[in-house]
Amino acid sequence: MVRVRFAPSPTGPLHIGGVRTALYNYLFARKNKGKLILRIEDTDQKRYVKGAEDYIIESLNWLGIQFDEGPHTGGDYGPYRQSERKPDYRQYADDLIEKGHAYYAFDTSEELNEMRERLEASKMMPKYDAISRSTMKNSLSLPEDEVKRRLASGDDFVIRIKLPRNEEVRFHDEIRGWVVVNTTQMDDKVLLKSDGMPTYHLANIVDDFKMEITHVIRGEEWLPSAPLHVMLYRYLGWEDKMPKFAHLPLLLKPDGNGKLSKRDGDRLGFPVFPLEWKDPSTEVVSTGYREEGYLPEAVLNMLALLGWHTADNQELFPKDKLIEAFDISRVSKSGAKFDLKKAQWFNHHYLMQLANEQIASSIQDEVKIAYPSFDLSRLSAAVELTKEKAIFPSECYTNAPYLFQRPTLYDEKTVAKKWSSEMESAMQELVAHFKDTPSFIEADLDTLVESYALANDNKKFYYFPALRLVTTGAGGGPPLFKIFEFLGKQEVCARIEESILNLKQHA
């Protein structure tokens, strides 16, 4: 059975790039009738941020990315937090030492800094490897009795992998094809830290093996670590159980110049986190897609196409269709540029698919605060008038305040171009006709104004800008007589008469 995992670190809010990784894992699992596991990789206790794990889970729940196993759902392969698996890792580090594939290193931070400075001064890459380790304090360079003494006395140490000096490491990536790296370009990474916690490299391999992960789908930033992980599978004797790797392309800035960051979002005015996040140390609040008014379906659709596409370049995919169409072989190798306008385009599309009642329900609390006297039972009808031009649910009321209250300001360009004493007289005559008409529906109102226009040697559209001005204060908006029908005869007539007086004062 296909088993994939999403393994975030609770060191802060979940970046939208991480959400895309979770999404691709989810789509792959569902497409292949497999299992999706959430594993919290909290081995770096110094960077642990309180509340980050709950934030990650809430974000993925909001987006509808469901997990089959995890710290919040349980499962047969737990625990699903690495900090709770701490006793498991040391035995594998010890096993690597016994097999000659790892060693103890006793170097202090000062000694490591001196080594790096020495190598940099010699124009060499500063790394702890098959050459430099012979000059450092470790169980390969020190006498055996000194190593035993240091261990017995409780000296601080780390355990490092022992990589060969010159050997090619080859593996096949499901997206990038064959990847070949020579160990001369690698270094002896730390596997177990001085506090007894494993590093990502060891914990990741042990957990993937014990959880029977079949495919590792993760970000491109982990590609340089993949050869090390291949070596660990080999050294631990698990090479025949090694999962297939797929390294996803980066999410890039809108201009394509570098990885998308929070600073880019702040600078260009869009969120890079799924939900609002309040930093517990600084109390700085970063907005999220949910709070900005994005719909989860739109965010998923948008993210899916940032690095993946179908043969026919179809764009609109509800989640069930995404699962059906997803093919990891069609994930791009190159980075995908974030496009704010496209994100908004997706949101508008999915907003249009919602029933008016759903949208009204989502904004009714905001409307109640903004317009306390508005009858909320009429909110769905207002949404029907405004959603065609809205990107976010809130715009169904912010874009058309005249549906909720009488205008107090008037569009200056329309006043300058369309308002005159002649037009004022026409409005006074039209309001009298409106009062007398027995029917106040769109088609009949259109006929009424057309008849009035013909009687005055004009076309009906001649009066539309002024009629819109005196009833809404705006220069544009939804179909005029649909607005009239929504407002009702009494309100429309009252607005026209009130606006005529206001525009006299305005003049």
Side-chain angles (χ1 to χ4, degrees), residues 2 4 6 14-36 38 56-68 73 215 217 246 248-249 251 270-275 288-332 336-363 380 383-384 386-396:
V2 164
V4 295
F6 177 57
L14 181 62
H15 188 277
I16 202 70
V19 174
R20 188 194 61 172
T21 299
L23 173 62
Y24 282 11
N25 275 277
Y26 171 81
L27 296 175
F28 186 81
R30 295 295 176 262
K31 176 71 178 284
N32 292 282
K33 305 294 190 289
K35 299 290 186 181
L36 175 63
L38 177 65
I56 290 168
I57 292 172
E58 184 182 355
S59 296
L60 297 171
N61 282 340
W62 174 66
L63 288 162
I65 298 176
Q66 300 98 5
F67 290 84
D68 302 294
T73 59
H215 297 75
I217 304 170
L248 307 175
L251 281 190
F270 61 84
V272 296
F273 303 136
L275 312 181
Y289 278 85
R290 182 178 67 182
E291 289 72 23
E292 285 282 302
Y294 284 89
L295 304 174
E297 300 87 352
V299 176
L300 287 184
N301 198 155
M302 176 267 293
L303 283 177
L305 295 181
L306 287 177
W308 168 83
H309 63 91
T310 58
D312 61 359
N313 289 316
Q314 181 180 339
E315 291 190 301
L316 295 169
F317 288 96
K319 190 167 67 170
D320 59 336
K321 297 300 181 184
L322 264 181
I323 293 169
E324 184 181 319
F326 187 74
D327 181 349
I328 202 163
S329 69
R330 299 201 66 85
V331 174
S332 174
K337 292 190 289 186
F338 180 85
D339 186 337
L340 176 60
K341 288 186 178 179
K342 198 68 176 180
Q344 294 175 344
W345 180 84
F346 278 115
N347 210 61
H348 171 72
H349 168 79
Y350 282 98
L351 183 66
M352 291 295 291
Q353 307 308 305
L354 295 181
N356 296 333
E357 292 74 18
Q358 284 180 271
I359 301 173
S361 177
S362 72
I363 62 173
S380 293
V383 167
E384 171 63 26
T386 56
K387 72 176 184 179
E388 188 174 345
K389 298 294 184 182
I391 295 172
F392 306 110
S394 62
E395 291 180 345
C396 289

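For the residue pair Ser394 and Ile363, the shortest heavy atom distance occurs at N-CG2, 4.0 Å. Between Asn356 and Ser380, the closest heavy-atom pair is CB-O, 3.7 Å. The two residues His309 and Asn313 have their closest heavy-atom pair at ND1-OD1, 3.5 Å. Scanning both residues, Ser59 and Pro274, for their nearest heavy atoms gives OG-CG, 3.4 Å. The shortest heavy-atom contact between Thr310 and Arg330 is C-NE, 3.6 Å. Across all their heavy atoms, Thr386 and Cys396 have their closest contact at OG1-O, 3.0 Å.
Between the Ser362 side chain and the Ile359 main chain, a donor and an acceptor come within less than 3.5 Å of each other. A donor-acceptor pair under 3.5 Å links the side-chain atoms of Gln353 to the main chain of His349, judged by distance alone. Proximity of a side-chain donor or acceptor of Asn32 to a complementary backbone N or O of Gly34 within less than 3.5 Å is not detected. Under a 3.5 Å cut-off, the side chain of Gln344 and the backbone N or O of Lys341 do not form any donor-acceptor pair. Side-chain N or O atoms of His348 include none that pairs as donor or acceptor with a backbone N or O of Lys389 at under 3.5 Å. One N or O on the side chain of Tyr289 and one on the backbone of Pro271 form a donor-acceptor pair closer than 3.5 Å. A donor-acceptor pair is defined here as one N or O able to donate and one able to accept, closer than 3.5 Å; no such pair exists between the side chain of Asn347 and the backbone of Ala298. A donor-acceptor contact shorter than 3.5 Å is absent between the side chain of Lys319 and the backbone of Leu300. A donor-acceptor pair under 3.5 Å is absent between the side-chain atoms of Gln358 and the main chain of Leu354, judged by distance alone. Using modelled atom types, no side-chain atom of Asn301 and backbone atom of Pro318 make a donor-acceptor pair closer than 3.5 Å.
Within the 4.5 Å cutoff, no side-chain heavy atoms of Leu23 are placed close to those of Leu63. Within the 4.5 Å cutoff, side-chain heavy atoms of Leu275 are placed close to those of Trp62. A heavy-atom distance below 4.5 Å is found between the side chains of Leu351 and Pro393. Between Phe338 and Val272, every side-chain heavy-atom pair lies at or beyond the 4.5 Å cut-off. In this structure the side chain of Leu60 reaches within 4.5 angstrom of the side chain of Phe67, judged on heavy atoms. Side-chain contact between Tyr350 and Met302 is absent, with no heavy atoms from C-beta onward closer than 4.5 Å. Residues Val19 and Phe273 have side chains not in contact (no heavy-atom distance under 4.5 Å, counting atoms from C-beta outward). Inter-residue side-chain proximity for Ile328 and Leu27 is flagged as unmet; no heavy-atom pair is nearer than 4.5 Å.
By the ring pair (Phe, Tyr, Trp, His ring centres under 6.0 Å) test, Phe6 pairs with no residue at all, sequence neighbours left out. With sequence neighbours left out, Asp327 forms a salt bridge (charged side-chain N to carboxylate O under 4.0 Å, His left out) with no residue at all. Every residue two or more places apart in sequence or in another chain that forms a side chain to side chain donor-acceptor pair (under 3.5 Å) with Ser332 is listed here: Ser334.
Residue pairs meeting the salt bridge (charged side-chain N to carboxylate O under 4.0 Å, His left out) criterion with at least one partner in residues 342-357, sequence neighbours excluded, are Glu315-Lys342. The stretch residues 290-300 participates, sequence neighbours left out, in these side-chain hydrogen bond (donor to acceptor under 3.5 Å, both in side chains) pairs: Glu58-Arg290, Thr287-Glu292. Screening residues 18-31 for side-chain hydrogen bond (donor to acceptor under 3.5 Å, both in side chains), with sequence neighbours left out, gives Tyr26-Gln66, Arg30-Asp68.
Rounding to the nearest 0.5 Å gives a distance of 7.5 Å between CG of Leu38 and CD1 of Ile56. From Leu322, atom CG reaches atom CG of Leu303 across 10.5 Å, with rounding to the nearest 0.5 Å. Between the CG atom in Asp339 and the CZ atom in Phe346 there is a gap of 9.5 Å [rounded to 0.5 Å].
Under the 30°/60° scheme for interplanar angles, the aromatic rings of Phe326 and Trp308 are found to be tilted.
Counting non-hydrogen atoms of other residues, nucleotides and ligands closer than 6.0 Å to CD of Glu388 gives a total of 12 or fewer. In the displayed structure, Lys387 atom NZ is contacted under 6.0 Å by more than 12 heavy atoms of other residues, nucleotides or ligands.
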